[in-house]
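I have placed the structure first, in the form of structure tokens, so that the comments after it can refer back to it.
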Amino acid sequence: MTILDDLENYYDTVPRVGGARAEDLGPLTLFVQEGSGWPYYARPALGGGPVTADDVRRTRERQRELKVPEAFEWVAETTPSLEDAARAAGLHVHAHPLMALDPAAGPLPPHPEVRLLDATDPLLRAAVTVPALAFAAPGTAPGEAGPAELAAALADPAADGRAATVSTKIASGRSALAAAVRDGVVLCSGMYNPVGKVAEVVAVGTLPAARRQGMALAVTAALVADARARGAELVFLSAGDEDVARIYGRAGFRRVGTAMIAEPPGQA
């Protein structure tokens with residue numbers, strides 16, 4: 001088994017343990033969230049063959065029937081046929097560095113402002129909200145959104161639902177969350193999702209006004225340390241772009257492939 005084989009198994013398992021229903025659509029599997037939680041995506045079926053544009057079109061029709069996002073995710077090196085098929089079916093395709101932690105990488109020193117949050121932590125709502133503000137202003141350059149914008153976002157009732165979903169996942173052991181907190185304000189947060197001996201670091205984001213202070217690296221290091229302590233042998237993530245990948249490289253992550261996402265142009 002290679003690292004990419006392990007990742008294919010992980011990608012196929014995570015939605016299933018997260019409460020999603022799997023629909024077999026030829027060389028693709030569509031995961032449909034049942035109940036509360038984030039929507040999933042379609043991706044190559046384990047052991048499936050090449051994917052055609054017609055396969056993508058049929059899957060999009062099913063996604064529209066179910067009123068779920070028309071999203072596709074895959075690894076370029078594992079399913080090279082899907083990129084051309086997705087483009088031919090009218091989807092916007094973007095690529096992200098896929099990185100795995102070097103098993104020989106030593107731990108980074110803990111950051112005094114970073115800690116793990118449990119399922120009942122009063123800062124959980126803020127920690128779950130920060131990445132949305134971060135991803136709304138992509139990149140690593142400092143931006144305008146800061147504590148005031150975070151406070152405004154927390155006034156949205158939807159923040160309660162997002163926090164409840166994450167709280168349930170933390171309590172059940174399906175996720176862990178770390179945050180950088182200064183003067184009672186969450187400035188950066190991130191999570192990892194373990195399945196067996198594999199863990200994916202996800203949703204690491206810093207308030208744009210607090211960028212370039214090493215917080216994302218420190219949060220990632222805390223997540224890695226906790227995942228390893230809980231038995232993870234393979235820790236991986238997808239970086240937003242090459243600049244972000246260089247930051248993760250300082251934590252010991254190395255490029256192992258390319259994570260692909262395809263969505264309709266208006267949805268991307």
Side-chain angles (χ1 to χ4, degrees), residues 38 96-97 99 101 105 107-171 175-193 199-229 235-253:
W38 285 282
H96 304 275
M99 309 180 76
L101 185 70
L108 294 178
H111 192 289
E113 295 177 313
V114 174
R115 63 180 175 86
L116 293 168
L117 275 59
D118 65 24
T120 62
D121 197 294
L123 290 179
L124 188 62
R125 287 177 78 251
V128 173
T129 302
V130 162
L133 295 173
F135 300 149
T140 61
E144 295 183 1
E149 287 74 15
L150 174 58
L154 289 174
D156 183 349
D160 292 329
R162 291 191 295 267
T165 297
V166 173
S167 177
T168 299
K169 293 179 68 177
I170 293 173
S175 290
L177 185 148
V181 182
R182 181 180 299 163
D183 298 326
V185 178
V186 177
L187 299 179
C188 177
S189 68
M191 301 170 60
Y192 75 84
N193 301 320
E200 181 181 17
V201 175
V202 298
V204 176
T206 303
L207 281 180
R211 285 174 176 162
R212 295 192 175 171
Q213 298 181 46
M215 292 185 184
L217 184 62
V219 165
T220 301
L223 294 169
V224 166
D226 191 65
R228 281 177 151 179
V235 183
F236 77 101
L237 54 80
S238 299
D241 55 35
E242 295 296 340
D243 289 338
V244 175
R246 281 189 284 274
I247 294 174
Y248 288 129
R250 287 153 49 194
F253 285 86

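Only heavy atoms go into these numbers, but all of them, side chains included; no hydrogens, no water, no symmetry mates.
- Looking at heavy atoms from C-beta onward, Asp121 lies in side-chain contact with Arg115 at the 4.5 angstrom threshold.
- Interatomic distance, Thr129 OG1 to Glu149 CD, rounded to the nearest 0.5 Å: 13.5 Å.
- The nearest pair of heavy atoms linking Met99 to Tyr248 is SD-CB, 4.0 Å.
- For the atom pair Leu207 CG and Leu150 CG, the distance stands at 5.5 Å (nearest 0.5 Å).
- For the atom pair OG (Ser167) and CG (Asp160), the distance works out to 11.5 Å, reported to the nearest 0.5 Å.
- A pairwise comparison of heavy atoms in Val186 and Ala127 identifies CG1-CA, 3.9 Å as the closest pair.
- The main-chain N or O of Leu154 is found under 3.5 Å from a side-chain atom of Arg125 such that the two form a donor-acceptor pair.
- Between Val114 and Met215, the closest side-chain pair of non-hydrogen atoms is not below 4.5 Å.
- Residues Tyr192 and Val224 have side chains not in contact (no heavy-atom distance under 4.5 Å, counting atoms from C-beta outward).
- Considering every non-hydrogen atom in both Thr206 and Ala134, the closest pair reads O-CB, 3.2 Å.
- A 4.5 Å side-chain heavy-atom check between Val201 and Leu101 finds every atom pair outside the cut-off.
- Counting heavy atoms from C-beta outward, Ile170 and Leu124 have side chains that approach closer than 4.5 Å.
- Under the 3.5 Å distance criterion, the side-chain polar atoms of Asp241 are matched with a main-chain donor or acceptor of Asp243.
- Here the side chains of Lys169 and Asn193 are in contact, with some heavy-atom distance below 4.5 Å.
- Residues Gly240 and His96 come closest through the heavy atom pair O-ND1, 3.0 Å.
- Among all heavy-atom pairs drawn from Cys188 and Val130, the shortest one is CA-CG1, 4.1 Å.
- Contact between Val219 and Ala178 at its shortest, heavy atoms only, is CG1-O, 3.8 Å.
- Under the 4.5 Å side-chain criterion, counting only non-hydrogen atoms from C-beta, Glu113 is not in contact with Gln213.
- Taken from CZ in Arg212 to CD1 in Ile247, the straight-line distance is 8.5 Å, to the nearest 0.5 Å.
- Within the 4.5 Å cutoff, the side chain of Leu177 has heavy atoms near those of the Val128 side chain.
- Judged purely by atom type and a 3.5 angstrom limit, Arg211 uses its side chain to pair as donor or acceptor with the backbone of Ala141.
- Taking CZ from Arg162 and CG from Asp156, the interatomic distance works out to 6.0 Å, rounded to the nearest 0.5 Å.
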